[in-house]
Undergrad: 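Once you've had a glance at the structure underneath, I'll fire off some questions.
First the proteins, then the strands, lettered A, B, ... as listed; each starts at 1.
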Amino acid sequence: EAAVTQSPRNKVAVTGGKVTLSCNQTNNHNNMYWYRQDTGHGLRLIHYSYGAGSTEKGDIPDGYKASRPSQENFSLILELATPSQTSVYFCASGEGTINTLYFGAGTRLSVL
Amino acid sequence: AQSVTQPDARVTVSEGASLQLRCKYSYSGTPYLFWYVQYPRQGLQLLLKYYSGDPVVQGVNGFEAEFSKSNSSFHLRKASVHWSDSAVYFCVFGSGTYQRFGTGTKLQVVP
């Protein structure tokens, strides 16, 4: 069954540390996305990718980097984590903006 | 700017009652619109989507939504809710680049 898998599911990080969130999809979709979910804000797009080797900035990219080394994998990198980046992060894959997005189960990140 | 607004952060309804969750969009053309649902401690799943054609679209689990260009709305409806419908519902706008999410409405179904 096609799926989007995120790891880790939970992460506690220290301020100033480096955090990498990973996402793997078996949907063979070209597009992949990283969103964060915060109360009162819904889901906000951080970075997205149209395919291997490409990354694009979303609405809130500051403090985040992304990497798409292959069709299947898309990582979100926090080089210097801050408490304001405490959130739940979702990865999704899809084919274009008019088609269904398929979401992973989320990663709960706490930066202390 | 192209966006969607969900004016109700929380909605409580009795089991068996009808439901309407409101969504207003801001866009001059005909938008791509979606409703997604997030059950507790899970990712999001598509309920239904609209681009053109019949303004009433059917989704999964008895949900439907009606597109209104005159009112710039895409409200979600269900005739009779069940306790398992308790979840967060997101109205989503699909632009030329990516999908933008509303702030969500948390639905609580009570006995």
Side-chain angles (χ1 to χ4, degrees), chain A residues 1-7 9-10 21 23-25 27 29-51 54-61 66 68 74 87-108, chain B residues 1-10 21-27 29-53 57 59-60 63 65 67 74 87-107:
Chain A
E1 180 178 320
V4 178
T5 305
Q6 295 182 231
S7 61
R9 291 295 312 279
N10 294 280
L21 306 183
C23 179
N24 176 276
Q25 58 115 349
N27 300 321
H29 289 152
N30 287 323
N31 297 352
M32 295 186 73
Y33 307 84
W34 276 107
Y35 289 89
R36 63 177 283 178
Q37 182 178 21
D38 303 286
T39 303
H41 291 280
L43 273 72
R44 292 179 290 174
L45 185 70
I46 306 170
H47 284 287
Y48 60 102
S49 169
Y50 291 124
S54 94
T55 61
E56 305 291 337
K57 294 180 179 179
D59 290 330
I60 54 164
R68 182 87 181 269
F74 191 38
S87 186
V88 180
Y89 292 84
F90 286 97
C91 176
S93 74
E95 283 295 358
T97 56
I98 65 170
N99 293 311
T100 303
L101 291 180
Y102 294 87
F103 284 84
T107 294
R108 186 173 297 273
Chain B
Q2 303 160 355
S3 65
V4 289
T5 302
Q6 295 180 250
D8 304 310
R10 290 176 177 267
L21 301 183
R22 297 184 292 164
C23 174
K24 301 276 285 185
Y25 69 88
S26 174
Y27 184 61
T30 300
Y32 297 100
L33 293 166
F34 308 77
W35 277 97
Y36 284 82
V37 60
Q38 182 182 30
Y39 296 106
R41 294 172 297 282
Q42 296 186 28
L44 285 78
Q45 307 168 38
L46 181 73
L47 275 179
L48 47 81
K49 62 182 177 182
Y50 171 84
Y51 174 59
S52 63
V57 291
V60 299
F63 285 94
F67 171 76
F74 189 55
V88 181
Y89 293 79
F90 292 96
C91 183
V92 180
F93 178 97
S95 72
T97 308
Y98 49 80
Q99 295 183 16
R100 283 190 170 87
F101 284 70
T103 52
T105 297
K106 185 172 185 177
L107 172 65

Undergrad: A:Glu56 side chain to A:Tyr50 main-chain N or O, any donor-acceptor pair under 3.5 Å?
TA: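 No; judged by distance alone, with no hydrogens or angles, the pair does not exist.
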
Undergrad: What residue in B:Gln38, B:Lys106, B:Gln45 has the most heavy-atom pairs under 4.5 Å with chain A?
TA: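 If we count pairs closer than 4.5 Å to chain A, B:Gln38 comes out on top.
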
Undergrad: Measure A:Leu43 against the heavy atoms of chain B and call it side chain, backbone, both or neither at under 4.5 Å.
TA: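 Contact with chain B is through both the backbone and side chain of A:Leu43.
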
Undergrad: Donor-acceptor pair, distance only, cut-off 3.5 Å: does the side chain of A:Ser87 make one with the backbone of A:Gln37?
TA: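 Yes; at least one donor-acceptor contact below 3.5 Å.
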
Undergrad: Does A:Ser49 reach the main-chain N or O of A:Ser54 with its side chain, forming a donor-acceptor pair under 3.5 Å?
TA: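 Yes, A:Ser49 side chain to A:Ser54 backbone: donor-acceptor pair under 3.5 Å.
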
Undergrad: Centres of the B:Phe63 and B:Tyr89 rings: under 6.0 Å?
TA: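 Yes, the ring of B:Phe63 comes within the 6.0 Å limit of the ring of B:Tyr89, centre to centre.
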
Undergrad: By a 4.5 Å heavy-atom criterion (distance strictly below it), what part of A:Tyr35 contacts chain B: side chain, backbone, both, or neither?
TA: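 Just its side chain gets close to chain B.
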
Undergrad: Once you measure the plane-to-plane angle for A:Phe103 and B:Phe101, does it fall in the parallel (<30°), tilted (30-60°) or perpendicular (>60°) bin?
TA: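 Ring orientation, 0 to 90° scale: perpendicular.
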
Undergrad: Could you tell me which portion of A:Gln6 (side chain, backbone, both or neither) has an atom closer than 4.5 angstrom to a non-hydrogen atom of chain B?
TA: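 Neither the backbone nor the side chain of A:Gln6 comes within 4.5 Å of chain B.
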
Undergrad: Non-hydrogen atoms of chain B under 4.5 Å away: do they reach the side chain of A:Asp38, the backbone, both or neither?
TA: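 Contact with chain B: none, neither part.
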
Undergrad: With a 4.5 angstrom heavy-atom cut-off, which part of B:Phe90 approaches chain A: side chain, backbone, both or neither?
TA: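 Side chain of B:Phe90 only, per the 4.5 Å heavy-atom cut-off to chain A.
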
